[in-house]
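One structure below.
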There are 2 protein chains.
Amino acid sequence: MVKCVKCSLADDVLKAGFVRGRQRFFCKSCEYHFTAERPAGVPSRKRHHATIADVARQVGVAPSTVSRALNGHSDISPVTRQAILDAARQLDYQPNLLAQSLKNRATNTIGVVIPDLERPFFATAVSGIQQVATEAGYRVMICQSKESYATEVSNVQALVASQVDGLLICHSRETENFDHMSSTACRDIPIVHFDRVYNQENVSRVMIDDWSGAFAVTEHLVLEGCRRIAILAGPASLLISQQRQAGYLGALRKHGLPVEEELIAHIDFRAESAVACLDAWLALPNPPDAIFSINYTNAFDLILALRSRGRRVPEDMAIAGFGDEFLASLIEPGLTTVDLHPYRIGQQAAHLFLEQVKLQERFEPRTCVVKSELIIRQSSLRGQGQGFQLAI
Amino acid sequence: MVKCVKCSLADDVLKAGFVRGRQRFFCKSCEYHFTAERPAGVPSRKRHHATIADVARQVGVAPSTVSRALNGHSDISPVTRQAILDAARQLDYQPNLLAQSLKNRATNTIGVVIPDLERPFFATAVSGIQQVATEAGYRVMICQSKESYATEVSNVQALVASQVDGLLICHSRETENFDHMSSTACRDIPIVHFDRVYNQENVSRVMIDDWSGAFAVTEHLVLEGCRRIAILAGPASLLISQQRQAGYLGALRKHGLPVEEELIAHIDFRAESAVACLDAWLALPNPPDAIFSINYTNAFDLILALRSRGRRVPEDMAIAGFGDEFLASLIEPGLTTVDLHPYRIGQQAAHLFLEQVKLQERFEPRTCVVKSELIIRQSSLRGQGQGFQLAI
DNA sequence: GACGTTTCCGGAAACGTTGCCGATAGTTTT
DNA sequence: AAAACTATCGGCAACGTTTCCGGAAACGTC
């Protein structure tokens with residue numbers, strides 16, 4: 001017979017239904033409900049790690065005192081403090097950052113969203129972010145959108161739900177709607193856009209000077225003696241295509257060279273497209289003497305294709321690319337290109353975030369432009385021009 | 001005169017010292033201490049975001065009911081559930097993962113420590129980790145040790161303090177002491193070592209099959225007709241040097257080729273060292289006809305140096321490298337190399353972690369070896385041998 | 001109508017930390 | 001010696017969530 005857990009009498013105990021598979025009882029005399037014993041609950045209690053309470057117990061003080069000692073507050077005597085520090089070391093106490101963050105309403109973590117970690121540009125940018133963030137005591141959480149809008153949105157949501165203190169983001173190619181970046185969606189945390197930028201006022205941004213880079217490359221080709229300079233651009237809808245093409249046109253204009261429509265091509269960045277484009281140019285009655293590829297991989301494609309077609313680089317055709325310092329230095333001939341300084345871009349983005357945290361509501365969103373740098377190598381050196389007297 | 005906050009009488013109120021800069025008082029009649037008003041405390045209350053309590057208030061139910069509704073538990077009527085879901089949407093409620101993690105004792109986050117994100121091998125491995133982790137509902141937190149032991153240790157500590165559910169690590173070159181990976185230091189969370197491996201029993205590891213890769217490369221060179229195959233290895237102390245050299249020796253032995261000490265070199269991976277080594281070999285009375293570089297960058301160095309010295313690759317000297325698929329395919333001539341499949345390594349490491357989480361204490365630590373793959377390109381194709389009938 | 005059942009919800013205690021504030025004992029001033 | 005002060009420390013309420021478990025209404029059944 002079942003006994004009441006309160007009065008220990010079995011007389012007035014009635015069955016009172018089932019809850020979650022267990023029989024419940026009701027004691028009429030004490031008017032008390034209770035449930036049958038749990039069927040040998042497996043404890044499987046995860047190993048308990050020392051908490052502030054454990055340290056407090058060991059020393060014989062209150063948890064709040066331990067907290068004060070550990071955080072170097074005042075209101076504590078040197079002896080107690082030392083005793084607490086000793087006990088903490090002995091118990092191998094490690095503060096639970098989760099609880100700290102929950103209490104302090106700050107995680108000391110910043111979220112980073114990039115299209116693809118495997119692309120050297122982004123890996124380097126993230127590295128720059130991490131260096132600055134780490135020095136400032138922030139951890140970094142990285143997500144890849146893989147150029148998918150849906151993934152980007154879910155990345156941002158996950159980071160915000162994780163209560164990151166800030167968001168550094170380079171949008172995917174697909175991204176055209178920015179509702180997921182709204183202040184309400186992002187809980188008013190500081191946001192910095194970099195590289196591919198959210199084109200709207202009142203946001204912090206770190207950008208590449210596409211125009212100047214393209215201008216410098218083109219001017220360099222002109223000064224090397226090239227007179228028919230082709231440009232291999234990406235889809236016309238892309239901002240980078242437009243701006244780099246504008247820089248190209250600017251240089252042509254400055255040096256009084258005509259703009260020939262047949263030398264301006266927009267492709268989808270695929271190698272086959274680049275090669276097809278090259279062949280079309282080579283078949284012209286008056287082919288170009290230089291090609292500026294706004295994408296570095298296409299520049300490699302061009303060099304390889306030219307070689308297999310028996311053309312020499314740079315003698316028969318000068319080639320210049322854009323971005324990716326490392327690869328450009330390895331290939332033969334070395335590729336003239338523009339170093340976009342992705343590491344600095346990352347650093348700058350992190351600095352903008354830190355500044356915003358520091359200044360709070362006094363912070364004014366602003367746009368930073370990271371200077372790019374023309375790196376001249378073999379692929380463009382025709383040596384027929386006036387040399388290198390050019391300013392970027 | 002100051003009035004007591006309890007009895008509202010000013011008569012028996014005495015000053016009672018200062019606490020943290022504020023005057024304190026003591027009311028004799030009620031025997032009550034109190035402190036002067038806080039000097040216009042700046043609220044600066046951060047924007048409050050909807051919590052479970054807010055949703056509960058709006059619907060008129062208890063927080064626990066909201067939690068049940070949101071987590072799809074039973075014990076809730078369809079109408080209440082719908083009302084709660086509607087209210088949650090209306091208030092733009094987002095669960096606070098911090099609080100959830102604290103309560104659930106699980107963060108759904110895994111920590112990754114790698115030497116350098118900018119190295120394509122690691123970037124790709126991380127990408128593989130992230131793909132598997134994301135699909136399993138885990139977030140990823142990445143740290144770089146930059147090949148520094150001290151940084152690695154602090155990375156591990158930071159991740160553990162952040163309560164990550166697991167740790168995937170590739171050790172720095174400096175790391176020889178593994179105390180920071182002990183079960184106590186890491187709070188018994190699952191750990192998987194990958195690539196550079198913790199050489200001890202009873203840990204989970206994902207490794208490259210250095211031996212087989214090196215064997216395959218060397219055998220390929222033999223079958224291409226090379227008879228004096230040199231190996232450009234790294235520091236003899238490095239495990240990868242030893243194992244790749246062992247694979248090289250194994251292939252020579254299998255095909256009855258003599259091992260010539262003068263064709264085995266250990267360098268420090270710097271380009272100048274590689275070139276110096278090449279020149280020494282070229283100056284031999286009987287120079288090698290092939291070089292296997294266990295490091296892909298050195299392979300590039302060799303190709304460039306050979307070209308500048310008027311030697312043809314592969315006609316005068318066959319070259320083969322190890323690792324980094326992408327670069328090897330871009331260069332001219334294409335570099336024969338071993339694809340280490342870093343993406344798979346990352347995936348495998350993440351899978352090992354997931355398995356350990358799933359099986360709990362029934363999990364047996366084990367070592368996985370990810371098959372590498374010989375990729376044959378122009379740089380080794382002498383065509384004087386028996387062709388490609390080789391098995392890796 | 002007494003007993004049993006199902007359904008649904010609220011209260012409360014955690015998780016680990018921090019910070020406010022009250023409360024002492026001991027010391028100095030008046 | 002009362003009054004004022006200093007130096008320490010404990011208690012308690014948060015932070016936002018989850019999970020027990022008790023309570024009660026509504027319904028069924030002998």
Side-chain angles (χ1 to χ4, degrees), chain A residues 5 14-20 22-26 28 31-36 38 41 46 48-56 59-71 73-81 84 93-106 163, chain B residues 5 14-20 22-26 28 31-36 38 41 46 48-56 59-71 73-81 84 93-106 163:
Chain A
V5 293
L14 303 174
K15 289 186 179 175
F18 287 88
V19 175
R20 285 164 289 267
R22 282 189 291 158
Q23 177 72 60
R24 300 200 68 218
F25 298 97
F26 179 66
K28 279 174 70 182
E31 290 201 336
Y32 184 67
H33 288 266
F34 59 93
T35 311
R38 159 162 290 231
K46 269 195 145 188
H48 177 78
H49 298 115
T51 71
I52 267 196
D54 297 322
V55 179
V59 184
V61 296
S64 51
T65 308
V66 176
S67 175
R68 276 196 301 267
L70 262 30
N71 295 338
H73 283 221
S74 57
D75 268 25
I76 194 162
S77 77
V79 279
T80 324
R81 180 205 304 279
I84 289 173
Y93 167 77
Q94 295 261 68
N96 185 327
L97 293 188
L98 235 53
Q100 278 186 338
S101 300
L102 179 60
K103 178 67 190 170
N104 297 340
R105 299 161 157 280
Q163 313 289 118
Chain B
V5 292
L14 303 175
K15 290 186 180 175
F18 288 89
V19 174
R20 286 164 289 267
R22 279 153 58 197
Q23 178 71 59
R24 299 203 68 222
F25 299 96
F26 179 67
K28 280 173 71 180
E31 291 200 336
Y32 184 68
H33 288 266
F34 60 93
T35 311
R38 159 160 291 233
K46 269 194 144 189
H48 178 79
H49 298 116
T51 71
I52 266 195
D54 298 322
V55 179
V59 184
V61 296
S64 50
T65 308
V66 176
S67 175
R68 275 195 303 266
L70 262 30
N71 296 338
H73 284 221
S74 57
D75 267 25
I76 195 162
S77 76
V79 279
T80 333
R81 180 204 305 279
I84 289 173
Y93 168 76
Q94 295 261 72
N96 184 328
L97 293 188
L98 236 51
Q100 278 186 337
S101 300
L102 180 61
K103 178 67 191 169
N104 297 341
R105 297 162 157 279
Q163 313 289 115

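Reminder, nothing fancy here: chain letters follow the sequence lines and each chain counts from 1.
- Both A/Leu14 and B/Pro78 lie close to DNA chain C; mapped to their nearest nucleotides by heavy-atom distance, the more 5′-ward contact belongs to A/Leu14.
- A straight line from NZ of B/Lys15 to C1' of C/dT29 spans 13 Å, rounded to a whole angstrom.
- Nearest to the side-chain atoms of A/Asn96 among the listed nucleotides D/dG10, C/dG16, D/dT17 stands C/dG16.
- Regarding B/Leu70, its CG atom lies at a distance of 8 Å from the P atom of D/dT18, rounded to whole Å.
- Rounding to the nearest 0.5 angstrom, the gap separating the CG atom in B/Asp75 from the OG1 atom in B/Thr80 is 11.5 Å.
- Here D/dC9 is the nucleotide among C/dC9, D/dC9, D/dT17 with the atom lying nearest to any side-chain atom of A/Asp75.
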- Item | From CA spacing to verdict: side-chain contact (heavy atoms from CB on, under 4.5 Å), A/Val55, A/Leu70 | CA-CA 11 Å; A/Val55 179; A/Leu70 262 30; 5.9 Å; no
- side-chain contact (heavy atoms from CB on, under 4.5 Å) between B/Val66 and B/Val59, intermediate numbers included: CA-CA 9 Å; B/Val66 176; B/Val59 184; 5.8 Å; no
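- The shortest distance between the side-chain N/O atoms of A/Thr51 and the OP1/OP2 oxygens of C/dG16 is not below 4.0 Å.
- One atom, CD of A/Gln94, and another, C1' of C/dT17, lie 15 Å apart when rounded to the nearest Å.
- As rounded to whole Å, 15 Å separates atom C1' of C/dA14 from atom CG of A/Leu98.
- Atom NE2 of B/His49 and atom P of D/dG16 are 11 Å apart (whole Å).
- On a pure distance criterion of 3.5 Å, no polar donor-acceptor pair joins the side chain of A/Arg105 and the base of D/dG16.
- Side-chain proximity of A/Leu102 to the nucleotides D/dC15, D/dC21, D/dT18 is greatest for D/dC15.
- Side-chain nitrogen and oxygen atoms of B/Thr65 include at least one within less than 4.0 Å of the OP1 or OP2 phosphate oxygen of C/dG10.
- Within the structure, a side-chain polar atom (N or O) of B/Asn71 is placed less than 4.0 Å from OP1 or OP2 of D/dT18.
- Between B/Ser64 and A/Arg81, it is A/Arg81 whose nearest contact on DNA chain D lies nearer the 5' terminus.
- Contact annotation for B/Ser101: no contact, since no heavy-atom pair falls under 4.0 Å across all strands.
- Summarising the geometry, atom CG belonging to A/Leu98 is positioned 11.0 Å from atom CD belonging to B/Gln100; distances are rounded to the nearest 0.5 Å.
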- Item | Derivation and outcome, side-chain contact (heavy atoms from CB on, under 4.5 Å), residues B/Asn96 and A/Gln163 | CA-CA 7 Å; B/Asn96 184 328; A/Gln163 313 289 118; 3.5 Å; yes
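- One can place NE2 of B/His73 at 16 Å from C1' of C/dG10, the figure rounded to the nearest angstrom.
- For the pair A/Arg68 CZ and C/dC20 P, the interatomic distance rounds to 11 Å; values are reported in whole Å.
- For the pair A/Ile52 CD1 and D/dC12 C1', the interatomic distance rounds to 15 Å; values are reported in whole Å.
- Using a 4.0 Å heavy-atom cutoff across all strands shown, B/Thr80 reaches sugar-phosphate atoms only and no base atom.
- Residue B/Ser77 is the one, among B/Lys103 and B/Ser77, whose nearest nucleotide of DNA chain C lies closer to the 5' end (criterion: closest heavy atom).
- If you check D/dT19, C/dT18, C/dT17 against the side chain of A/Asn104, the one that comes closest is C/dT18.
- When heavy atoms are screened at a 4.0 angstrom cut-off, B/Phe26 is found touching no nucleic acid atom at all.
- Note on A/Phe25: nothing from the nucleic acid sits closer than 4.0 angstrom, heavy atoms only.
- When all heavy atoms are compared, the tightest approach of A/Arg81 to A/His73 is NH2-O, 3.6 Å.
- The phosphate of C/dT18 (OP1 or OP2) has a side-chain N or O of A/Gln100 nearer than 4.0 angstrom.
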